[in-house]
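Taking it in order: structure first as structure tokens, then the write-up.
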Amino acid sequence: MTEGRPFTVAVIGASGLVGRTLVRQLTGHTPWHVVSTAHRRANERTAPLDIRDRAAVDAFVDRVVPDAIVIAAAERRPDVCEHDPALARALNVDAVRTIAEAANRHGAWVLSISTDYVFDGSKPPYRFDDTPAPLNAYGRSKLDGEHALTDTAKLGCVLRLPLLYGPVTDWHESAVTSLVPAVIASAAPDATAASMDAWATRYPTYTPDVACVIQQMLERHATGDALCGIAQWSGDEPMTKFEIAARLARALHVKARLVPQTASADATPRPRDCHLDSSRLEALGIGRRTPFDTAIVQVLEAFGARSPAACSPPACSPSA
Ligand SMILES: NC(=O)c1ccc[n+]([C@@H]2O[C@H](COP(=O)([O-])OP(=O)(O)OC[C@H]3O[C@@H](n4cnc5c(N)ncnc54)[C@H](OP(=O)(O)O)[C@@H]3O)[C@@H](O)[C@H]2O)c1
């Protein structure tokens with residue numbers, strides 16, 4: 001990086017759960033100059049870009065000439081990927097290759113986000129170099145996207161993440177907050193109890209923590225020490241959706257009636273426990289983990305589902 005020159009980061013998919021928080025984390029802070037894109041939710045702050053359109057991707061990257069590109073655009077809904085594998089491939093594989101090729105023309109570092117669903121969940125924890133074995137179309141498309149990135153980008157890294165939650169515009173943006181309506185409804189006087197999955201273990205990870213991790217990875221690249229290959233980051237509190245729902249009820253101060261569902265009832269096959277080992281990043285001093293009960297209060301308050309409490313986000317410093 002040239003001294004005094006801003007470091008241009010293109011965030012592709014800035015209207016999504018991860019992209020929004022990352023843009024908020026970087027914007028207005030030296031040395032970052034953030035240029036962002038969205039698709040259906042493009043607005044005055046984000047350039048409209050359909051990553052399936054190669055010419056549009058090339059034109060965007062050639063105009064912006066970024067130092068780094070973060071690919072946060074994807075089709076991440078397992079059920080949609082199952083029913084529309086062509087769409088999953090176009091977004092999660094082909095577009096990753098197109099963006100990496102465009103980045104190569106300018107020597108940009110590319111960070112592509114992947115998922116714990118590349119593993120089958122039978123032998124946790126998973127190291128970054130363990131052999132993936134995805135169980136569903138989403139996991140397969142993301143694994144193919146990892147290969148597209150690592151085979152194409154001259155300077156590129158894949159960051160695998162597990163179940164995410166953070167500031168939302170709609171409860172259904174995250175599989176954690178999507179439980180809120182059922183938790184609240186189950187607390188009504190004559191409501192039936194809500195059945196919640198108690199079979200699969202998840203490691204809910206807070207998007208502001210992910211944004212810190214990505215910022216720390218960008219800082220390494222900015223100082224000429226770019227991380228390449230595969231990296232993983234995960235929260236460290238195991239919980240089933242039943243346990244997440246119970247914690248949501250506590251944070252919301254409602255007496256929810258919840259029933260644990262001990263067998264998998266998903267139509268789309270999902271892994272049981274894909275705990276991601278984060279030690280590669282931890283060894284570099286990268287990471288931050290906000291406790292779930294602290295973070296979820298911030299999310300609920302920001303969405304107006306809970307009265308404000310004296311609770312501010314922690315600084316972006318290495319994990320405890
Ligand atoms: N959410 C999770 O729990 C989770 C867990 C593990 C890994 N991940 C990974 O993390 C990454 C980010 O996920 P997320 O949860 O932030 O996803 P998200 O909230 O669904 O956001 C998806 C983003 O992709 C954009 N997009 C969709 N179709 C597009 C197209 N044709 N062209 C350009 N942009 C398009 C969306 O733009 P518009 O909304 O403007 O259309 C949006 O900005 C993904 O790679 C996902 O696989 C997510």
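Every number for a ligand or one of its atoms is a count from 1 in the order of the listing.
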- Query: How about E146 and S114: does a side-chain donor come under 3.5 Å of a side-chain acceptor?
  - Reply: yes

Does the distance from a Lys or Arg side-chain N to an Asp or Glu carboxylate O, for R52 and D94, drop under 4.0 Å? no

Could you walk me through whether D225 and R220 pass the salt bridge (Lys or Arg N to Asp or Glu O under 4.0 Å) check?
CA-CA 5 Å; D225 197 9; R220 284 187 73 89; 2.6 Å; yes

protein heavy-atom neighbour closest to atom 44 (C) of ligand 1 works out as A74 CB, 3.5 Å

In short, side-chain hydrogen bond (donor to acceptor under 3.5 Å, both in side chains) pairs touching residues 128-139 with sequence neighbours left out are R127-D129

For L91, the ligand 1 atoms with a heavy-atom partner under 4.0 Å come out as 28 (N), 29 (C), 30 (C), 31 (N)

Of R76, E75, H39, the residue with the heavy atom nearest atom 30 (C) of ligand 1 is H39

Give yes if a backbone or side-chain nitrogen or oxygen of R41 is under 3.5 Å from a nitrogen or oxygen of ligand 1, and no if not. yes

* Taking both backbone and side-chain atoms of L17, is any N or O found less than 3.5 Å from an N or O belonging to ligand 1? -> yes

Whether the Q298 and Y206 side chains hold a donor-acceptor pair (N or O, under 3.5 Å, no angle test) is what I'd like checked. yes

Of A73, S15, P78, the one whose closest heavy atom lies nearest atom 40 (O) of ligand 1 is S15

A student checking ligand 1 against P162 at a 4.0 Å heavy-atom cut-off should list atoms 5 (C), 6 (C)

side-chain hydrogen bond (donor to acceptor under 3.5 Å, both in side chains) filter on T46, not counting sequence neighbours, yields N43

So the atoms of ligand 1 within less than 4.0 Å of a heavy atom of R52 turn out to be 31 (N)

Flag for D62-H106: side-chain donor and acceptor within less than 3.5 Å: yes

A student checking ligand 1 against A38 at a 4.0 Å heavy-atom cut-off should list atoms 40 (O)

When P271, C274, P125, P134 are each screened for side-chain contact (heavy atoms from CB on, under 4.5 Å) with F119, the one that passes is C274

Looking only at protein heavy atoms, what sits closest to atom 45 (O) of ligand 1 is K142 NZ, 2.7 Å

N or O contact, E173 vs ligand 1, cut-off under 3.5 Å: no

Counting from 1 in the order shown, the ligand 1 atoms closer than 4.0 Å to a non-hydrogen atom of S114 are 7 (C)

Honestly, for R160 the part within reach of ligand 1 (heavy atoms, under 4.0 Å) is neither

Candidates G166, P204, A90, A72; heavy atom nearest atom 12 (C) of ligand 1 found on A72

(Q) So for ligand 1, is D116 a polar contact partner (N or O within less than 3.5 Å, distance only)? (A) no

Review point. Checking R289 side chain against S234 main chain: does a donor-acceptor pair fall under 3.5 Å?
Key: yes

Counting from 1 in the order shown, the ligand 1 atoms closer than 4.0 Å to a non-hydrogen atom of G13 are 43 (O)

Would you say A42 and ligand 1 have an N/O pair spaced under 3.5 Å apart? no

Ligand 1 to Y138, heavy atom cutoff 4.0 Å, flagged ligand atoms 7 (C), 8 (N), 46 (C), 47 (O)

CD1 (I51) and OG1 (T98) are apart, to the nearest 0.5 Å, by 8.5 Å

min-distance protein heavy atom vs atom 3 (O) of ligand 1 -> L164 N, 3.0 Å

